[in-house]
J.: 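The structure is given below, and queries will be raised subsequently.
Throughout, protein chains are lettered first and strands after them, A, B, ... in sequence-line order, and every chain is numbered starting at 1.
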2 protein chains.
Amino acid sequence: MQEISSKRIQNVVDHFASLPSVGRKTALRLALHLLKKSGQQIDDFAEALKAMAAEVKFCKNCHNISDHAICSICNNAGRNAQQICVVENIQDVMAMEATQQFSGVYHVLGGIISPMDGIGPDELNVATLLQRVQEESTQEIIFALNSSLEGETTQFFLHRKLKDSVHKITTLARGISFGDQLEYTDEITLGRSILNRQLFENQSN
Amino acid sequence: MQEISSKRIQNVVDHFASLPSVGRKTALRLALHLLKKSGQQIDDFAEALKAMAAEVKFCKNCHNISDHAICSICNNAGRNAQQICVVENIQDVMAMEATQQFSGVYHVLGGIISPMDGIGPDELNVATLLQRVQEESTQEIIFALNSSLEGETTQFFLHRKLKDSVHKITTLARGISFGDQLEYTDEITLGRSILNRQLFENQSN
């Protein structure tokens, strides 16, 4: 790697390069781009980082990111707290919210059971989920996890833990994506979508 | 775009997204990755940015980045100050230094003449170059500019300004890259490399 003749820039490059999918060449380009901006703009960036480190909290209830102890979703009286959607991470909450189709609340596991990576239930926010279900008389748990081996394992594990406390446990519908063509759909998806076929009336909703 | 439920994170995402080739999805991923680190690590990043904004200077002599008023290259008595290599930007200095083949000094233009982008000689560090040539009795100017239309224009312009003051004005050798195969070399490069062919003895150096 080329040597950078300024220790100050080298430091910033090192920090950028520690981020995912940012290599050293890209990190250098980002640092030099910042240098072209005014000192005030770089300071603003630094202050934004410090404010994030100091003030961003995780909701005590659902573990979503929040500026307060309880996040805006859990705090919203208009949302159905008896309906908990279980997701892997914060990005999944954002993806679900972007659909504007869900009016319940969330529970962020903070990962997924993956013995290969040494992640078991104890590393995830499972205990707080069980506690919530006990305390809040939850009516429905919706699993919104990826359909990977780890996702299925996690669903299986949680289902066993929850099935005696919660009457209704559901999972996201799997099927053919909108716009997908039948001939290019993989066999598992197509097979499952015929097994789980829906009444035609449902489709018009 | 998905809404982010924390103003603090939104701020950091906005700053990341203002960097070149960082989209909003990537910016969010970078911010959330940072959040997983300790507060101390994020603070370190912020401090590195602030230190860069406050302390990085541009060398008064050659306009390269520097932690001091004069950069380490200009300050190095072991380098030949009578040989000035003219480059477009700071990255080019690093690329040249990485070759370890040049023992002179540099002059960073800070861009290239490009009428389409409204960049003329007045926007570049041309006046200081002419001044250096007058004051330092420069023996050789080496143009190390990209072989684009703008690069050729800039060379042409500088050559006219410098030819009466400097005895020797050279430009980087253009030719077939090491490892390139003749049949895949473009016609202009191959044509020039036959016109500018070198004595075989030179090659063994």
J.: About how many Å separate NZ of B:Lys36 and CG of A:Asn89, when rounded to the nearest 0.5 Å?
T.: 7.0 Å

J.: Please classify the contact of A:Gln41 with chain B as side chain, backbone, both or neither, using a heavy-atom distance under 4.5 Å.
T.: backbone

J.: Using the salt bridge (charged side-chain N to carboxylate O under 4.0 Å, His left out) rule, collect all pairs that involve residues 54-68 of chain B, keeping only residues at least two apart or in two chains.
T.: A:Arg8-B:Glu55

J.: Heavy-atom cut-off 4.5 Å, strictly under: side chain, backbone, both or neither for A:Leu32 against chain B?
T.: side chain

J.: Evaluate whether atom CZ of B:Arg192 has more than 12 neighbouring non-hydrogen atoms of other residues, nucleotides or ligands under 6.0 angstrom away.
T.: no

J.: Any side-chain heavy atom of A:Asn11 within less than 4.5 Å of one from B:Leu49?
T.: no

J.: Quick one: of A:Pro20, A:Ser66, A:Gly39, who has the most non-hydrogen atom pairs under 4.5 Å with chain B?
T.: A:Pro20

J.: Working to the nearest 0.5 Å, report the span between CE of A:Met52 and CD of B:Gln10.
T.: 12.0 Å

J.: How many angstroms lie between atom CG of B:Leu28 and atom CD1 of A:Ile90, to the nearest 0.5 angstrom?
T.: 9.0 Å

J.: What closest approach, in Å, do A:Arg29 and B:Ser21 show between heavy atoms, and which atom pair accounts for it?
T.: NH2-OG, 3.4 Å

J.: Considering only heavy atoms, which portion of B:Val22 lies under 4.5 Å from any heavy atom of chain A: side chain, backbone, both, or neither?
T.: side chain

J.: So which heavy atom on B:His33 is nearest to which on A:Ser18, and how close?
T.: NE2-O, 3.8 Å

J.: In terms of ring plane angle, is the pair B:Phe45 and A:Phe45 parallel, tilted or perpendicular, where the classes change at 30° and 60°?
T.: tilted

J.: Can you tell me which portion of A:Asn64 sits under 4.5 Å from chain B's heavy atoms? Options are side chain, backbone, both or neither.
T.: side chain

J.: Which bit of A:Lys37 is near chain B, if near means a heavy-atom gap under 4.5 Å: side chain, backbone, both or neither?
T.: side chain

J.: Taking side chain as C-beta onward, heavy atoms only, is A:Glu47 less than 4.5 Å from B:Lys50?
T.: yes

J.: Checking side-chain contact (heavy atoms from CB on, under 4.5 Å) against A:Val56, which of B:Ile9, B:Ile42, B:Val12 comes through?
T.: B:Ile9

J.: Identify which of B:Leu19, B:Leu34, B:Thr26 forms the greatest number of heavy-atom pairs closer than 4.5 Å to chain A.
T.: B:Leu19

